[in-house]
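First up is the structure itself, then whatever we jot down about it.
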Protein chains: 2
Amino acid sequence: MFVTNASVRLGPMHNRRERPAKPALTRDGIVGAALAVMRAEGMDKVTMRRLAKELDTGPASLYVYVKDTEELHAAMLDELLGEVDLDPGDSSDWRERLRQVITSYQRVLHDNPSLARVALVTRLSGPHYLAVVEAVLGQLAEGGMPKAQAGWAVDMLLLVATASAVEHGTQQENPSAAAANHSQLERVVAEAPADTYPNIAAHSRELMGGPAGNRARWMFDVLISGALGTPIP
Amino acid sequence: MFVTNASVRLGPMHNRRERPAKPALTRDGIVGAALAVMRAEGMDKVTMRRLAKELDTGPASLYVYVKDTEELHAAMLDELLGEVDLDPGDSSDWRERLRQVITSYQRVLHDNPSLARVALVTRLSGPHYLAVVEAVLGQLAEGGMPKAQAGWAVDMLLLVATASAVEHGTQQENPSAAAANHSQLERVVAEAPADTYPNIAAHSRELMGGPAGNRARWMFDVLISGALGTPIP
DNA sequence: ACCTGAACACCGTTCAAGT
DNA sequence: ACCTGAACACCGTTCAAGT
């Protein structure tokens, strides 16, 4: 009765003293751990089992907070999109302001190519993605693009930006394989037998990319001026 | 010495009589089996192990003919692209002829959405893909598009066509999940709090797609007229 | 109600050892 | 030289049983 019991004084935490406190499992905690693993070791190490180990639990527990792997990937991507700089800057040209936003979006994906692939394949609806859409629509509206065009143009703009990020990103992610792939395509295009593929042969120089900045700028301009100039059927 | 030996008369095939003859393993045979499994049971059953079983061998044997799973997927897709109708038809308008080709490309991918995803993520260089590029370049050249623009435009055209195929295809592939996804995005967009996402709220009707045909046509026109009107920097 | 151990049903890829 | 059995090192997801 008068026994001084350390564990009573310390309360329910007494047996957490030795091990680093195991943080309570939350959806955000899981997504955070997933991003950490991705940055440290690449997307292919981001698995339910590995994450469970990281969070000191069993894989089944994660399913209380995320529906499946696809949903986890989408959540990771949305989290990352929080880094996009949506401040359009103070250029007096709305195209320039819009380009600023798109470029920031592109940079974030470019630095995380394996997540960029998620954006290509999954339909997103997280708050940060919506914020990007909101910002793009805002600039299009300021530029006076009719709503019907703007609604479809935002899709194309983000699609093209995402695809370029994937394309370039994959290269730096796995430089040797990409180099091999690239020179393979390069070889194929360069050696395209002029009798089978005359047009490819005639365009071989133009097909091989050119400065990435120029190309991105050109694509952006194509979409904007095309969308402005093409009425809805 | 005078023994009549059936197996000698039948030659090396004598012991193949009972089981259906196991065809020699070839790259084409593997790709063909992969497409058959995909059509019958979906892309996620197309695995090295399953294919090996199908071909009556061990998984290791497949690696003699394909480098890895990604290469197999690319080979399947290229095979499929052989179905694209590259005959541009006889319209007097080159845009119409080009649209014909793009539409056929789109239809083939649309019917095979899980392979369409491959086109979005992998750099292709198979003969049938090159034939598509060749046909598109041919029409752009007939339309008088300068080579520099055409080289970049073909990328955008195929990218946008591929992405739409993925988007629509995924819906019909897994109708219930897609319906859930769709109404989720629909709900998010429709309920987008007008104070947080005023532009999304203002564009909600326009963002929700509209008739697929109209949209595809509009996107095509945007790209063509945008590319024609935007000189290379 | 919330959480999880253990199991189910698989994977891709490599390589030593066979023919 | 060509082929492959067997192993290595993993997966996602479910569900009965615990607390």
Side-chain angles (χ1 to χ4, degrees), chain A residues 12-16 19 21-31 33-34 37-38 40-77 114-115 117-118 121-122 173-174 176-177 180, chain B residues 12-16 19 21-31 33-34 37-38 40-77 114-115 117-118 121-122 173-174 176-177 180:
Chain A
M13 291 300 286
H14 73 283
N15 58 357
R16 295 280 194 282
R19 294 176 266 128
K22 174 179 161 182
L25 223 48
T26 63
R27 193 176 207 270
D28 286 354
I30 294 170
V31 173
V37 169
M38 182 194 80
E41 300 174 54
M43 191 66 168
D44 51 346
K45 302 289 179 188
V46 180
T47 67
M48 292 299 199
R49 292 179 108 100
R50 172 64 196 279
L51 250 31
K53 208 157 286 178
E54 208 76 21
L55 295 166
D56 202 11
T57 181
S61 306
L62 304 182
Y63 287 84
V64 176
Y65 303 96
V66 296
K67 190 181 151 289
D68 54 22
T69 304
E70 186 179 342
E71 201 201 82
L72 174 64
H73 288 171
M76 290 171 70
L77 177 56
S114 42
L115 267 185
R117 243 165 271 145
V118 173
V121 157
T122 312
E173 196 181 35
N174 184 345
S176 67
Chain B
M13 290 300 284
H14 73 282
N15 58 355
R16 295 279 194 279
R19 294 175 268 129
K22 173 178 161 181
L25 223 48
T26 63
R27 192 174 208 271
D28 285 353
I30 293 169
V31 173
V37 170
M38 181 192 79
E41 302 176 54
M43 191 66 170
D44 51 346
K45 302 287 180 191
V46 180
T47 65
M48 293 299 200
R49 292 179 108 101
R50 172 64 197 278
L51 251 32
K53 208 157 288 178
E54 209 76 21
L55 296 166
D56 202 10
T57 179
S61 306
L62 304 181
Y63 287 84
V64 176
Y65 303 95
V66 295
K67 189 181 151 288
D68 54 23
T69 304
E70 186 178 341
E71 202 201 81
L72 173 63
H73 289 170
M76 292 170 70
L77 177 56
S114 43
L115 266 185
R117 242 165 271 144
V118 172
V121 156
T122 312
E173 197 181 37
N174 184 346
S176 67

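Proteins get letters first, then strands, A, B, ... in listed order; numbering begins at 1 in each.
With a cut-off of 3.5 Å on both pairing distances, the Watson-Crick and G-U wobble pairs of DNA chain C assemble into stems of 3 or more at C:4-8 with D:12-16, C:12-16 with D:4-8.
Separating the OH atom of A:Y65 from the C1' atom of C:dC2 is a distance of 8 Å, rounded to the nearest angstrom. Rounded to whole angstrom, the span from the NZ atom of A:K53 across to the C1' atom of C:dG5 amounts to 14 Å.
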So B:M76 and B:V118, side chain to side chain contact (heavy atoms under 4.5 Å, CB included) or not? Walk me through it.
CA-CA 10 Å; B:M76 292 170 70; B:V118 172; over 6 Å; no
Please walk me through it: do B:T122 and B:L77 pass side chain to side chain contact (heavy atoms under 4.5 Å, CB included)?
CA-CA 10 Å; B:T122 312; B:L77 177 56; over 6 Å; no
Taking only N/O atoms, report every protein-nucleotides 10-13 of chain C pair under 3.5 Å with atom names and distance.
unit_1, atom_1, unit_2, atom_2, d
C:dC11, OP1, B:T47, OG1, 3.0
C:dG12, OP1, B:M48, N, 3.3
C:dG12, OP2, B:M48, N, 3.1
C:dG12, OP2, B:R49, N, 3.4
C:dG12, N7, B:R49, NH1, 2.7
C:dG12, O6, B:R49, NH1, 2.5
C:dT13, OP2, B:Y63, OH, 2.8
C:dT13, OP2, B:T69, N, 3.2
C:dT13, OP2, B:T69, OG1, 3.1
C:dT13, O5', B:Y63, OH, 3.3

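Listed nucleotides D:dT4, C:dC3, D:dC3 differ in distance to B:L25; the shortest reach to its side chain belongs to D:dT4.
A:K45 meets the side chain to side chain contact (heavy atoms under 4.5 Å, CB included) test with A:V37, A:E41, A:R50; sequence neighbours excluded. A:T69 pairs by the side chain to side chain contact (heavy atoms under 4.5 Å, CB included) definition with A:M48, A:H73, not counting sequence neighbours. Every side chain to side chain contact (heavy atoms under 4.5 Å, CB included) that B:A75 has, sequence neighbours left out, goes to B:R27, B:V31.
As rounded to the nearest Å, D:dT14 and D:dC10 have P atoms that lie 23 Å from one another. For the C1' atom pair drawn from D:dC3 and C:dA16, the interatomic distance equals 12 Å after rounding to whole Å. Taking atom P in both D:dA9 and D:dT13, one finds a spacing of 24 Å when rounded to whole Å.
Atom CG of B:D68 is separated from atom CG of B:L72 by 9.0 Å, given to the nearest 0.5 angstrom.
When all heavy atoms of B:V46 and B:A34 are compared, the closest pair comes out as CG2-O, 3.6 Å.
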Could you pull out all donor-acceptor pairs under 3.5 Å where a side-chain atom in residues 58-66 of chain B meets a protein atom, sequence neighbours excluded?
unit_1, atom_1, unit_2, atom_2, d
B:S61, OG, B:T57, OG1, 3.0
B:S61, OG, B:G58, O, 3.4
B:Y65, OH, B:L25, O, 3.3

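A sub-4.0 Å separation between OP1 or OP2 of C:dC3 and a side-chain N or O of A:S61 is absent.
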